[in-house]
Amino acid sequence: MKIVQLHVDYVEYEPVRPESSVYEEAERKKHRIEEALLLLTSVEKGDDRRLGEKAVEDAAEFMKELKIPRLVIYPYAHLSTNLASPGEALEVLKAMREKAEEMRLEAYSAPFGWNKKLSISVKGHPLAEQLRSYTPETVREKSEEEVPQALLMEEKLESYWYILTPDGEVVPVEQFDFKGHENLEVFARYEMQKSRAVLEQPPHVSLMKRLEIADYEPASDPGNLRWYAKGRLIKSLLEQYVTQKVIEYGGIEVETPIMYDMSHPALKKYLHKFPARQYVIPVEDKKYFLRFAACFGQFLIAKDMQLSYKHLPIWLYELTRYSFRREKSGELVGLKRLRAFTMPDVHALCRDIEQAKEEMKKRLRLSMEVMEGIGFGRDDLEMAIRFTKDFYESHRDFIFELVRMFGKPVLAEMWNERYFYFVLKWEFNFVDNQRKAAALSTDQIDVENARAYGITYVNEKGEKEYPIILHCSPSGAIERVIYALLEKAYMKIEKNEKPMFPIWLSPTQVRIIPVKSDYLEDALELMKKLEESDVRVDVDDRDETVERKIRDAETEWIPYVVVYGEREKKSGVLSVRVRETGKLEKMRVEELAEKIREAVKNRPFKKLPLPKLLSRRPSFR
RNA sequence: GCCCCGGUAGCUCAGCCUGGUAGAGCACUGGCUUGGUAAGCCAUGGGCCGCGGGUUCAAAGCCCGCCCGGGGCUCCA
């Protein structure tokens, strides 16, 4: 395919008479289009629809750069001596028109197969005239950079912003009184203008390194981190906790592949509806993409399931380690935004919208419980609800029910049209030290994918129907949860308070410091006792002063530090330095164990995956 | 992707502007020290100063190119 691309002040054409055996219907009148990008297009032998689509994509990019408002596709046979047959050529031209429409370009198209009178006025800048040449090879090479439609559409998306209150008010953001809701205001401004110059680096990055949680891995692709023992432990506990909660709520846990064939028909559509860039892996003559959510695997399972209305609602759950999104390199930050991340993802198949609404309420409750269980309070999170205008008009009460459940004013974004596959989504957002927001928990009502994947259930009448699908991550990405915990801890440092992890997540919960080496035996004994009641304990047996060991325990944010010496040996009562209160407290071993059991309550426990003796423990960095 | 900043010991960084052949603290190793609630003392070892080219008698430093990393912008379903 050869295209002469011209940036024109105007183009005028007038169909005179049909010239080819294949021609389109056309009016014999003069057409004039101003301020346009004109594509004089010759379709050659071997060209296919993909080439046409690619050409339109390139043109669209050019138009965006130069702010050219409209496109004219003009069949022009005189650029090649190797023309395709008229039938084939028309097919490719139609693909171009469809593509332009799909991309919501203002596009005009001259009729194929006519002898036309043509006059044009080309602009005088250096980029105004260009020859483009496409062969099947160009598409094969370039297609790795395929940009999903949704990414392009997103840029055109128009939103209206409101605050919804638990009392049922709808207030345009500009008119809302944010007194007492300062965090929501920061969040709303962040979402709406999405730009803010901040120079400092986010505090959680140096914390994640210093606390030996995670670190960048220069030998991998950026945004793929390495996890040290303490980080792995914390992450693993969070993973187990979310999974446990989802299963309590009736989730059915499955596991699915991490890579999928890009040419699989059902996946193809979803790839385009979902604004994310993929990692692509060529294997022999096929291309696979790494999953960027659990959706694919679960939908493919659901498609094969024998589902009756009696089974619904049904929840399918997977915790993806990992999901991959090839975010642009400049967007990656610490644990906040990664290219490989761990995402709990629970889908619900529902028979109709009413059932979907009921399920969504349960899942909101689940998400609230999970966030609270992890250690986030209501003040730490701001809720956003986004929906189409249609959905709002027919389900207003439901939306306010969600707001009431959350119990605080909520940021609402309304779209005039449905651009994505869902009609409503909500998220919890965390506002960090840079006053930037990151989404954690989320749920969506998907009205499109059941059809796209051929997922059906049988209703009372024995007919097949498409279910509504909900997509929920009760915690959001696990890495991002840790980011939020670290950012929250940093806020404490800023207030001159002692930062710490929730006790159930602290790698070492109790550090025992023998006053001198003579008490090491006793310390080990004490450690054994505490371990028997599921407490993570270690012993600082290094040849250092007590002060030094305490300082090190403090910088590790250890919640309970026990100094053990003559006094404790005699009395049998421990001196415990309690981080939360900053006080020294006397208590017996059993009381200490009980305090920790109480703090962990119903949440998972894992043993400390490190040498128990500090003298045997290497530093990771 | 664009803009900015950076790459010197395991880590954090100084030195670079104004060229003269490599520094500190912490960590590591050895020794002294048996210490009671946030850093005990001494000593030792450790460096292709990101890579390649250029200028110069001489380059960690100046110039050019490249690679890698980070931050900001944009984006964030």
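Below, chain A is the first sequence line, B the second, and so on; all start at residue 1. Nothing here was measured: the structure is a model prediction, and the numbers come from that model.
As the counterpart of B:G1, B:C73 is assigned, both hydrogen-bonding distances of the Watson-Crick or G-U wobble pattern falling under 3.5 Å. Pair assignment for B:A9: none, as no Watson-Crick or G-U wobble contacts are both less than 3.5 Å. When both distances must be under 3.5 Å, the Watson-Crick or G-U wobble mate of B:G45 does not exist. The nucleotide B:C16 finds no pairing partner, because no Watson-Crick or G-U wobble arrangement with both distances shorter than 3.5 Å includes it. Of the nucleotides present, B:G54 is the one that pairs with B:C62 by Watson-Crick or G-U wobble criteria, both distances under 3.5 Å. Using Watson-Crick or G-U wobble geometry with both donor-acceptor distances under 3.5 Å, B:C28 finds no partner in any strand shown.
Straight-line distance from the CD atom of A:Glu212 to the P atom of B:G10: 17 Å, rounded to whole Å. The nearest whole Å value for the distance from the CG atom in A:Asn224 to the P atom in B:G70 is 11 Å. As a whole-Å value, the separation of A:Asp221 CG from B:G69 C1' is 13 Å. Computed from coordinates, the A:Tyr228 OH to B:C11 P distance equals 10 Å when rounded to whole Å. Atoms CZ (A:Phe620) and C1' (B:C26) sit 19 Å apart, rounded to a whole Å. The CZ-P distance, from A:Arg326 to B:C75, rounds to 18 Å in whole Å. Rounded to a whole Å, the CZ atom of A:Arg339 is 13 Å from the C1' atom of B:C75. Here the P atom of nucleotide B:G70 and the CG atom of A:Asp215 are 10 Å apart, to the nearest Å.
Put simply, the side chain of A:Tyr190 and the base of B:C76 share a donor and an acceptor less than 3.5 Å apart. No N or O donor and acceptor, one from the side chain of A:Arg621 and one from the base of B:C11, sit under 3.5 Å apart.
At the phosphate of B:G72, OP1 or OP2 sits under 4.0 Å from a side-chain N or O atom of A:Gln434.
Spacing of P atoms, B:U44 relative to B:G52, comes out at 33 Å, to the nearest Å. With P as the reference atom, B:C63 and B:C5 are 13 Å apart, rounded to whole Å. Here, B:G23 and B:G46 have their C1' atoms 14 Å apart, quoted to the whole Å. Between B:G36 and B:A24, the distance separating the two P atoms is 32 Å to the nearest Å. Spacing of C1' atoms, B:G10 relative to B:G31, comes out at 23 Å, to the nearest Å. B:A59 sits 32 Å from B:G70 when the P atoms are compared, rounded to a whole Å. Nucleotides B:C28 and B:U12 place their C1' atoms 16 Å apart, quoted to the nearest Å. Using atom C1' as the reference point in both B:C62 and B:U55, the two lie 8 Å apart (nearest Å).
Each of A:Val205 and A:Glu427 was assigned the nucleotide of RNA chain B with the nearest heavy atom; the assignment lying further toward the 5' end belongs to A:Val205. Comparing A:Arg480 and A:Glu217 by the nucleotide of RNA chain B that holds the closest heavy atom to each, the one mapping nearer the 5' end is A:Glu217.
Across all strands, A:Ile513 comes closer than 4.0 Å to no nucleic acid atom at all (heavy-atom distances). Within 4.0 Å (heavy atoms only), A:Lys209 reaches no atom of the nucleic acid at all.
For the pair A:Asp380/A:Lys488, a side-chain contact is recorded, criterion being any heavy-atom separation below 4.5 Å from C-beta on. Contact of the A:Ile550 side chain with the A:Ile513 side chain is registered, since non-hydrogen atoms from C-beta on lie closer than 4.5 Å. Within the 4.5 Å cutoff, side-chain heavy atoms of A:Met103 are placed close to those of A:Val56.
Note that A:Arg386 lies outside the cation-pi zone of A:Trp161, set by a 6.0 Å cut-off to the ring centre and a 45° limit from the axis. Geometrically, A:Lys235 engages A:Trp227 in a cation-pi contact defined by less than 6.0 Å to the ring centre and at most 45° from the axis.
In the model, A:Asp432 has a side-chain atom that pairs as donor or acceptor with a side-chain atom of A:Tyr483 under 3.5 Å. The closest side-chain donor-acceptor pair between A:Tyr519 and A:Glu568, if any, does not fall under 3.5 angstrom.
Scanning all heavy atoms of the two residues, the minimum distance from A:Pro611 to A:Arg617 falls at O-NH2, 2.8 Å.
A:Gln278 pairs with exactly one of A:Tyr288, A:Phe324, A:Tyr260, A:Phe292 by the side chain to side chain contact (heavy atoms under 4.5 Å, CB included) rule, that one being A:Phe292.
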Nucleic acid footprint by protein, nucleotides 30-40 of chain B - heavy-atom cut-off 4.0 Å, B for base, S for sugar-phosphate alone: --BBBBBBBBB
